[in-house]
Amino acid sequence: MSTPFHDDEVMGKAFDAHLMRRLIRFLAPYRTLFFVCVILTMVLAGMQLLIPYITKTAIDNYMTLPHSIVTLDERPTVGNPLDLADGRYLVETGNVPPETRREWEATGKLSPERYLFIPAAKVAEQEAIAQHLPRFTAVRGGYIINEEGLRALPAADLVVLRRSAIAGIVHLAMVFIFILIARFLFGIVQVYLLQYTGQRVMYDMRGNIFGHVLRLPLSYFDRTPVGRVVTRTTNDVNAINEMFTSMLVNLFRDTFLLLGVIVIMFSFDWRLALAVLALFPVIVLATWQFRNRVRVAYREVRRQIAKLNSYLQESISGMRIIQVFVQERKANARFAEINRDTYRANMHQLVTFAIFRPLMSLLGSFAIALVIWYGGLNVLRGGLSLGALTAFIQYVGMLFEPILRLSEGYNVLQAAMASAERIFLLLDEKQEDRGTGKTISPFHGRIEFRDVWFAYNKDEWILKGVSFTAAPGEQIAIVGPTGEGKTTIIRLLLRMYPFQKGEILLDGVPIEQLDISYLRSQMAVVLQDVFLFSGDIMDNIRLHADISEEEAIAAARFVSADFVEELPNGYKTKVEERGVTLSYGERQLLSFARAVAFKPRVLVLDEATASIDSQTENLIQKSLLKIMKGRTSIVIAHRLSTIREADKIIVLHKGKVFESGTHQDLLAQNGLYAALHALQFA
Ligand SMILES: Nc1ncnc2c1ncn2[C@@H]1O[C@H](COP(=O)(O)OP(=O)(O)O)[C@@H](O)[C@H]1O
Ligand SMILES: [Mg+2]
């Protein structure tokens, strides 16, 4: 059973310099953009690093108390003094420049009395003191305390006293908001540019791949399942896009973030930083385990889904056969099996997530607990500021994400390398030889096979020295049992496959020398299996843009494709909708019209009338005789009655031309043809 959606996902090396170099070539046209993206990403990471630092500054510089407050006996000119209305003035030292303060001390302006500043939030603990000191009552705001007791400061007083701190916090808040806005804007630009670059690379790649596929020799498609080529242009290209857009950029960002966090942590408290880093191997190991398990589970899910898809596709397109042959039970059993495996794979993935996600966050919490414990002690000892501790906790939180992403990146890289390898394998596939560009003019239409040997697979000769000649305007018929290589002869003539020995000449020129497009455009071919493209009937008749609608309609009438005009939408009937319901004979008629509209020098019909009723066949036969006039034609026919008039009949047998001549000649010879004829008309 073929599985068109599923791919042989063999994971190989995560990095291959040679593949990478080739991949980078696709990125080359957008390198400036990509570079800008990387820079933007780093800037964004830098901003991310700044945020805890701002918190630290706000706490350490402006929020943590006790704060230094000095008392003066006369009103100072600077520093927003708070008038205590008893001849004393309070000034927060943060409000005055250090020189002024030193000058105050030197000149004895500071009164010996000191106040301790207590934030309102803490005053509950001081309630007992406050109760014993009825002179001071608690009001909203802060408190100052000295040996006289606790004294409440109304909010308005606090604003005066703490002006510089308030200004500082406002300033930091502005910076914070600015950074957030900048991050937001930069983030939008970065995502846009990155996705744009990625999508452009994908666009180019898909174009490249399909352009290449269009020119691959047909032998490639004999040995490659359709699904595989489809996957190259879709899934594999996506995998590479993911590498470019997420992994590569993340790599820069996360390395930068990790290093940044580590450096900052060390600058705050190297011992605490070391303690956190001691957890590092555990974190990395756990992350690694997690990613590996997730990857295995994920791959299994994808494999199962692919299996499910292809089985569904197969059974739905084969529903007629299933129902006609009463295979429902068997199909259902097979589906149940695949369905169950899919369910199991999904559950396995979910359970992996359910266990590992919380485990990872537990580890993260553990690291934070460590910081609070060890760092908290350090704060009490005065070795670390409260702000630094707060920032530290945030930084620890920031350590995990990059590690997780980096390990994820490894998977992405590995998948991308595997995809790249497959894509390049396809792109390295040798293209069809397009010929040397030679054309023949005027072209008369003489066809000659000279001792042509051919095998699809090495040494399995299908044609073993076929020779015949069709003079310009001659009608040649090829007959022979099924599988003798009649269709193969046509394929060789169209250069769909290269033959191993002998020569095929067109007007005396070996076909390999001819431009392949020229060669094919000289011949109209009606093949055994009709292929209709999506689009309407009209589009399907005029495959060449230079055929007018009138010519197409004339061609359709010429081959008696009258059914088209009876369709509600006539020539505008969409083939996708009707494709299934057009009968085989109707499709065949369309392909006749296609060939007729083409007005070729050479006409090739491969069992083209096999599925048309004899009445229509008679009609077509008459029109065919008309169009064959003056054209070289090669007709392969099953029904010998249709080729009686041929100028020459070639009987193919065992890879060779067994006998040839006119109908009368061959009957007279009483050989293979005569035998076949006798069989058919018995
Ligand atoms: N693409 C292919 N790859 C390998 N073998 C092929 C291919 N196409 C046809 N054959 C084999 O070549 C032989 C001749 O096929 P064909 O030319 O289609 O016969 P005919 O048209 O006379 O019935 C058959 O045995 C067939 O199985
Ligand atoms: Mg055939």
Side-chain angles (χ1 to χ4, degrees), residues 2 4 213-229 429-433 447 449 451-468 470 475-502 504 511 516 520 523-531 584-585 587-588 591-592 595 602-612 617 624 633-643 646 648-660 666 671-673 675-677 679-680:
S2 72
V213 167
L214 278 180
R215 306 206 145 193
L216 285 178
L218 283 166
S219 52
Y220 175 80
F221 300 97
D222 288 341
R223 57 190 154 85
T224 317
V226 179
R228 200 175 290 169
V229 185
E429 199 63 52
K430 225 171 122 184
Q431 288 199 346
E432 184 180 52
D433 174 17
I447 299 168
F449 272 58
D451 193 27
V452 173
W453 286 68
F454 174 75
Y456 286 104
N457 304 312
K458 208 167 164 26
D459 294 334
E460 289 173 25
W461 297 107
I462 305 290
L463 303 183
K464 303 173 194 160
V466 169
S467 304
F468 68 87
Q475 191 194 342
I476 300 285
I478 303 177
V479 299
T482 306
E484 281 293 350
K486 303 181 294 294
T487 301
T488 304
I489 287 182
I490 309 285
R491 290 182 179 155
L492 297 190
L493 177 63
L494 290 166
R495 262 187 72 196
M496 286 153 80
Y497 292 84
F499 48 93
Q500 283 85 357
K501 285 189 243 174
I504 300 177
I511 56 168
I516 204 157
R520 289 174 186 168
M523 308 188 195
V525 190
V526 180
L527 292 175
Q528 233 164 335
D529 34 27
V530 181
F531 187 83
Y584 202 78
R587 290 151 160 260
Q588 202 79 37
S591 74
F592 268 115
V602 176
L603 187 71
V604 178
L605 307 177
D606 186 357
E607 302 199 352
T609 55
S611 45
I612 293 173
E617 189 181 7
L624 278 180
S633 47
I634 296 183
V635 180
I636 296 171
H638 219 61
R639 258 174 277 166
L640 301 182
S641 60
T642 57
I643 49 147
K648 194 192 286 170
I649 297 170
I650 293 165
V651 182
L652 212 59
H653 186 55
K654 302 216 161 130
K656 282 198 165 88
V657 176
F658 191 75
E659 53 194 13
S660 72
L666 291 173
L672 190 57
Y673 180 80
L676 285 171
H677 192 264
L679 262 175
Q680 276 196 10

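One-based numbering, in listed order, for ligands and for the atoms of each.
For atom 8 (N) of ligand 1, the closest heavy atom belonging to the protein is Arg491 NH1, 3.1 Å. The protein heavy-atom contact nearest to atom 22 (O) of ligand 1 is Lys486 N, 2.8 Å. The protein atom (non-hydrogen) at minimum distance from atom 1 (N) of ligand 1 is Asp222 OD2, 2.8 Å. Scanning all protein heavy atoms for the shortest distance to atom 15 (O) of ligand 1 gives Thr488 OG1, 3.7 Å. Of the protein's heavy atoms, Tyr456 CE1, 3.3 Å lies nearest to atom 10 (N) of ligand 1. Nearest protein neighbour of atom 21 (O) of ligand 1, counting heavy atoms only, is Thr487 OG1, 2.6 Å. Remark: minimum distance from atom 20 (P) of ligand 1 to any protein heavy atom is reached at Gly483 N, 3.5 Å.
Looking only at side-chain heavy atoms (C-beta outward), Leu603 and Gln475 stay at 4.5 Å or farther from each other. Proximity of Phe592 to Leu605: side-chain heavy atoms (C-beta onward) are separated by under 4.5 Å at one or more points. When side chains are defined from C-beta on, Arg520 counts as touching Met496, because their heavy atoms get closer than 4.5 Å. Looking at heavy atoms from C-beta onward, Tyr673 lies in side-chain contact with Ile649 at the 4.5 angstrom threshold.
Under 4.0 Å from ligand 1, the heavy atoms of Tyr497 that appear belong solely to its side chain. Within the 4.0 Å heavy-atom criterion, neither part of Glu607 lies near ligand 1.
From Phe449, atom CZ reaches atom CD1 of Ile650 across 9.0 Å, with rounding to the nearest 0.5 Å. With values rounded to the nearest 0.5 angstrom, Ile478 atom CD1 is found 10.0 Å from Ile643 atom CD1.
The number of protein N, O or S atoms lying under 2.8 Å from the Mg ion (ligand 2) is 2.
For the pair Thr482 and ligand 1, the shortest N or O to N or O distance does not fall below 3.5 Å. Considering backbone and side-chain N/O atoms, Ile462 never comes within less than 3.5 Å of an N/O atom of ligand 1.
Salt bridge absent: Arg228 and Glu429 never bring a charged side-chain N and a carboxylate O closer than 4.0 Å.
Shown here, atom 5 (N) of ligand 1 is in close reach of the protein: a heavy atom of it lies under 4.0 Å off.
Ring geometry, Phe658 versus His653: the interplanar angle exceeds 60°, so the pair is classed perpendicular (tilted spans 30 to 60°).
Between the side chain of Lys486 and the backbone N or O of Leu652, no donor-acceptor pair lies under 3.5 Å.
The distance from ligand 1 to the heavy atoms of Gly485 drops below 4.0 Å at these ligand atoms: 14 (C), 16 (P), 17 (O), 19 (O), 20 (P), 22 (O).
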Fill in: Criterion side-chain contact (heavy atoms from CB on, under 4.5 Å) on Met523 and Leu493, from CA distance to verdict
CA-CA 10 Å; Met523 308 188 195; Leu493 177 63; 3.9 Å; yes

Item to complete: Please lay out, stage by stage, how Leu463 and Leu492 fare under the test side-chain contact (heavy atoms from CB on, under 4.5 Å).
Response: CA-CA 10 Å; Leu463 303 183; Leu492 297 190; 3.6 Å; yes

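Looking only at atom types and distance, the side chain of Tyr456 has a donor-acceptor partner in the side chain of Thr488 under 3.5 Å away.
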